[in-house]
Amino acid sequence: MAFEGLGEKLQGALKKITGRGKIGEADLKAAMREVRLALLEADVNFMVVKDFVKKVSDRALGAEVQASLTPGQQVIKIVNEELTALMGSSHARLTFSSKPITVYMLCGLQGAGKTTMAAKLAALLKKQQSKRPLLVACDIYRPAAIKQLQVVGEQVGVPVYEHGTQDPVLTAQEAYALAQRNGYDVVILDTAGRLQIDEELMAELERIKASVPPQEILLVVDAMIGQESVNVAKSFNDSLGIDGVILTKLDSDTRGGAALSIKAITGKPIKYAGTGEKLTDIEAFHPERMASRILGMGDMLTLIERAQQNFDEKQAQEMEEKLRKQSFTLEDFLDQFEQIKKMGSMAEMLAMIPGGNKINPEDIDEKEMARMEAIIRSMTPKERRNPDILAASRKRRIAKGSGTSVQQVNQLLKQYDMIKQLMKQFGGKGGRRRLRGLKLPL
Amino acid sequence: MSEENLTPKKKGFFAHIREGLSRTREALSSKVENLISYYKEMDDDFFEDLLDVLVSSDLGMKTAEDIVNRVRTQVRKEKVGDPQKVRQYMRDAIVEALGGIQDYELPRPAIITMVGVNGTGKTTTAGKLAAKYKAEGRQVILAAADTFRAAAAEQLTVWAERAGAPVIRHQEGSDPAAVVFDALASFKARGADLLIADTAGRLHNKKNLMNELEKIGRVISREAPDVSQEVFLVVDATTGQNALNQARVFSEVAHVTGIVLTKLDSTAKGGIAIAIASELGVPVRFVGLGEGIEDLMPFDPVGFAQGIL
């Protein structure tokens, strides 16, 4: 996946100072050079890298090393925190207009993948949100762009409005009127690719924006973009005021530092990612997972093992915090089960799961654990990551596959929700105090 | 497209690239200028900042360090105290990293295959190349071997009409190697001297798609063993370090013979081309500077280096 490279590099860089007694200025400088290199090679914009490295260095030098951490771990912690802060913390959803018609306007450089993404987005909204989208061909410049939209529109079963190569402002207005008449509730404008320095074409986008007020203007960016990402994002944001970003071609082997840069420069969230050539290859973008993955923090098992080896309340809080920041999916739930199985005693282990002390150990027997595990294992990875999509038919399939009943599937989901709720509570104010009483080595 | 785009304007490479790169030059050259006026002497900090300037142009750390080291060595050797001279040294080092000055002449007859990841401008470049060589008096045939992307063949057909070259196309979803096979038959039958095959964009880490490209290469080698084969990797100038991976894998699978650097009229520096040429030894052949049919220029490393600095 896209970000593995960066994670490996950073880990490599930080390994050098992991486990050393004391961290001196020279050590830190050497480590920061590695961090800088890794980020630059990952195409994070060099100004963003500069800021980042400075922030981390300042904090690392000034900060007191906590008793339970080695200086190296302390630096990793700071790097992780700053990286997470930079990427943002949770998945930003698309918003819908309170009026009947929601307009999304896709814009970006040539070749970013706007036309394909327009169709993917339409298909997603149609399927997941039961919307009635209308695709609109506003790219009047690229030869056969209209035809391309028509073809992909047909493939996903979404109608396409086009009016040849007339002024795209008029085409957008006509499409909006058509949507009103025919009950379409989402209008997706596929605009022409343009350079952010092309004033004439940028003005055209502004006119489209003024004529059909879009709910969201989405900048489509190729995940393989280099240092230029910052100029592009900044220019489009300055002249149009973008609401979000869609990264395309994330299934390439790019390290994708642009994701960091764009977020840092515009503050606008990355909402979706294109992850393949099929028109169903679109995924919600989860920045916190990305940030974690950059440092390899997704590997909870290692964290847990390490935590066990050095049980310590301070570290426990550390780890708990990391866990709390992650969005807790059923996959993680499953990981925890496996961990528990390895370690034996239920009561002991329950105390280690965030919020676990709220569950009475007697309520869970080993058999039930096995059942729950079977249920999760009968889900597709997609379902594990996003249980919200579990409709009745999916639940029936899962029950069948795991040799359980739909009621038992529902029960598991309820328990999962409960844990998630608890984690959310801990995340809020006062959570820290409540946590202090907990012995959490996680 | 307006009519005006169809009439080639007479303009030299230098003027053209200067115009296209004006933004780039502004950005980069003002940075270098600031450096030069800020530093009284060329100490380590100066070279460190110079490195940043190059890195910010997508040259990548390795190539940027190579160039800075070359400049540093020269400065030390010749005991230069004047930072003004650095500009010329940097240009020289960039030209050298690009493989020096080469006179490139496309063999006659020849077959060009356009390859690259999605959205870099393969179809557009194929059209522009067709127009260029047609204008130079070659008999050109286009092959629409991108049978995957919706309306790609239509897009190429529009360009073919502009260039006045015939295009061989099949239905969407058909085997691209079969398109190339038919185009080769037509190429031989008509005694044409240039065939340009446009292929579908593909990510280099997709094994199956890369195999498909290999097959196209096999068909060409088998059907036209005596004709010179050029494989142009089309690289978007806004691409970052990933383009190195692209060049590496496409070279392995498709034996890339040259780079076409597109969208250089943006503010992107296209420094990645220097990294590719320097690390992999693949020469840059053409640059794309706009959407008009005449906006494709033969690559001139000296002009490029001057345009950049």
Side-chain angles (χ1 to χ4, degrees), chain A residues 2 5 36-37 40-47 49-50 109-116 119 141-155 165 193-198 221-232 235 248-249 251-258 276-277, chain B residues 1 23 27 52-53 55-62 64 117-124 127 148-159 161-162 172 200-206 209 236-246 249 262-263 265-272 290-291:
Chain A
R36 191 177 111 94
L37 250 175
L40 283 174
E41 290 292 302
D43 291 321
V44 179
N45 180 270
F46 90 111
M47 289 307 290
V49 173
K50 236 179 194 168
L109 299 180
Q110 291 96 337
K114 288 173 295 301
T115 306
T116 306
Y141 304 99
R142 181 164 58 97
I146 295 173
K147 173 83 187 183
Q148 186 185 349
L149 189 66
Q150 284 172 329
V151 173
V152 289
E154 199 185 328
Q155 281 168 6
T165 54
R194 65 203 72 216
L195 297 171
Q196 77 278 11
I197 48 169
D198 189 328
V221 182
D222 187 328
M224 293 178 282
I225 193 171
Q227 297 289 320
E228 183 71 355
S229 60
V230 158
N231 293 336
V232 173
S235 301
T248 58
K249 308 176 208 174
D251 50 328
S252 68
D253 59 355
T254 179
R255 294 187 187 138
E277 300 213 320
Chain B
M1 271 305 151
R23 290 275 174 162
D52 274 352
V53 172
V55 165
S56 71
S57 316
D58 285 321
L59 269 83
M61 207 38 136
K62 191 174 174 299
V117 299
N118 315 63
T120 56
K122 284 174 295 303
T123 308
T124 305
F148 179 80
R149 181 166 57 95
E154 278 85 352
Q155 188 183 348
L156 188 68
T157 305
V158 173
W159 280 107
E161 279 161 12
R162 287 179 191 167
E172 216 166 278
R202 66 201 74 223
L203 293 175
H204 49 288
N205 54 340
K206 304 276 161 96
L209 296 177
D236 183 329
T238 56
T239 317
Q241 299 309 301
N242 189 254
L244 268 173
N245 285 2
Q246 294 171 18
V249 181
T262 58
K263 308 181 200 174
D265 48 334
S266 65
T267 54
K269 331 288 191 274
I272 190 62
E291 292 188 327

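Note that the coordinates shown come from a computational prediction; the quantities given were computed from them, not determined experimentally. Here is how names work: the chains are called A, B, and so on, in the same order as the sequence lines, proteins then strands, and each is numbered from 1.
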> B/N245 versus chain A, heavy atoms under 4.5 Å apart: side chain, backbone, both or neither?
side chain
> Please tell me whether B/Q155 and A/Q148 have a donor and an acceptor in their side chains that are separated by less than 3.5 angstrom.
no
> For chain A, find which of B/D236, B/T239, B/T120 contributes the most heavy-atom pairs closer than 4.5 angstrom.
B/T239
> Taking only residues two or more places apart in sequence or in another chain, which ones pass side chain to side chain donor-acceptor pair (under 3.5 Å) with B/R202?
B/E212
> Under 4.5 Å, counting heavy-atom pairs only, tell me which of A/T115, A/V49, A/L195, A/L40 racks up the most with chain B.
A/L195
> Side chain, backbone, both or neither: which part of B/N205 has a non-hydrogen atom closer than 4.5 Å to chain A?
side chain
> Do B/L203 and A/M224 make a side-chain contact, defined as non-hydrogen atoms from C-beta onward lying under 4.5 Å apart?
yes
> Pick one of side chain, backbone, both or neither for B/K62, based on which atoms fall under 4.5 Å of a heavy atom in chain A.
backbone
> Using a cut-off of under 4.5 Å on heavy-atom pairs, state which of B/G60, B/A150, B/A151, B/G121 scores highest against chain A.
B/A150
> Below 4.5 Å, heavy-atom pairs only: which of B/T238, B/V158, B/T157, B/L209 has the largest tally toward chain A?
B/T238
> Just give me the residue among A/V151, A/L149, A/D43, A/D198 that pairs up with chain B most often, heavy atom to heavy atom, under 4.5 Å.
A/D43
> Going by salt bridge (charged side-chain N to carboxylate O under 4.0 Å, His left out), name the residues that satisfy it together with A/K249, two or more places apart in sequence or in a different chain.
A/D222
> Please round to the nearest 0.5 Å and tell me the distance separating atom CD of B/E154 and atom CD of A/Q150.
10.0 Å
> Check whether the side chains of B/N118 and A/E277 place a donor and an acceptor atom closer than 3.5 Å, and report yes or no.
yes
